[in-house]
Amino acid sequence: MTFAEKVIQFNKQLDFTGTLPPGINILNPFKENPQANIIMEQFYSKYYNDDNKRHLIVGINPGRFGGGVTGIPFTDSKRLKSVCHINYEGKETHEPSSVFVYEVIEAFGGPEEFYKHIYINSMCPLGFTASTKDGKEINYNYYDSKELTAAVYDFMVENIQKQIDLGIYTDTCFCFGTGKNEKFLRKLNDEKGFFKNIVALEHPRFIMQYKAKTKQQYIDKYIAAFHAAI
């Protein structure tokens with residue numbers, strides 16, 4: 001099987017069957033949105049149709065406007081259409097993290113070159129939402145409550161291993177997030193020995209929200225880190 005075929009198969013089998021804490025819902029585009037399956041098959045067939053191994057970037061978990069819609073981590077519908085040239089029908093979504101990631105991809109040499117070396121996913125490959133007091137749905141992260149972390153712990157461990165088995169180099173893993181996501185991944189890696197080295201990079205959302213004026217410095221940092229490992 002090609003790398004693409006393995007990823008497509010992996011995505012289609014994703015299903016959390018455990019019990020989540022009250023008020024928390026799972027976000028699974030592959031079960032909830034038929035278009036996501038079509039999009040992700042086109043995407044991975046376009047950029048991963050080979051037998052090459054890749055280095056893994058581990059994010060937190062998909063959000064409502066990026067991977068939660070398209071099925072592709074850190075790829076909102078705008079970047080899907082304008083950069084990847086893959087059709088999307090429906091309300092356009094804009095995710096700041098996706099904007100930054102695709103600026104990094106452009107600086108690396110474009111999506112064909114970038115995805116030849118890098119595979120992006122998340123600590124938890126499915127996302128979460130919660131409802132506010134006024135009924136608004138918001139993104140929720142796996143580490144936002146100890147109860148949720150405990151509920152999905154085995155699911156996350158299982159799926160990190162499954163993704164390594166797709167054809168992932170284990171010498172260096174990249175982590176998006178230098179706070180809670182990095183702390184969790186390092187602790188888990190100490191226990192499981194998934195990777196020899198973890199390189200943590202500031203999360204794209206953090207950069208866009210708090211460091212936008214100096215984002216070129218972070219783009220340069222990302223590129224240098226990738227080239228050092230690849």
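The structure presented is a predicted model; accordingly, all values stated were derived computationally and were not measured. Below, each value reflects all heavy atoms present in this structure, side chains not excepted, and no hydrogens, waters or symmetry copies.
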(request) Locate the shortest heavy-atom distance separating Arg54 from Ile118; write the atom from each residue and the value. (result) CG-N, 3.5 Å
(message) Give me the atom names and distance for the closest heavy-atom approach of Phe174 to Leu201.
(response) CD2-CD1, 4.3 Å
Under 3.5 Å: donor-acceptor pair, side chain of [X], backbone of [Y]:
X	Y	result
Asn159	Phe155	yes
Asn139	Arg64	yes
Thr70	Ser77	no
Asn189	Phe195	yes

(message) Just to verify, what does Glu137 make a salt bridge (charged side-chain N to carboxylate O under 4.0 Å, His left out) with, not counting sequence neighbours?
(response) none
Can you tell whether the side chains of [X] and [Y] come within less than 4.0 Å, N to carboxylate O?
X	Y	answer
Lys187	Glu191	yes
Glu106	Arg79	no
Glu202	Lys211	no

(message) Counting only heavy atoms from other residues, nucleotides and ligands, does the tally under 6.0 Å from CD of Gln9 exceed 12?
(response) no
Check whether the side chains of [X] and [Y] place a donor and an acceptor atom closer than 3.5 Å, and report yes or no.
X	Y	answer
Lys162	Gln13	yes
Asn37	Glu41	no
Asp171	His55	yes

(request) Would you please indicate yes or no on a ring centroid separation below 6.0 angstrom for Tyr140 and Phe128? (result) no
(request) Assess the pair Tyr115 and Phe43: is the distance between their ring centroids shorter than 6.0 Å? (result) yes
(request) Please lay out, stage by stage, how Val104 and Tyr218 fare under the test side-chain contact (heavy atoms from CB on, under 4.5 Å). (result) CA-CA 9 Å; Val104 171; Tyr218 291 95; over 6 Å; no
(request) Go through the steps for Ile160 and Met123 under the test side-chain contact (heavy atoms from CB on, under 4.5 Å), then give the verdict. (result) CA-CA 7 Å; Ile160 287 291; Met123 193 62 243; 3.5 Å; yes
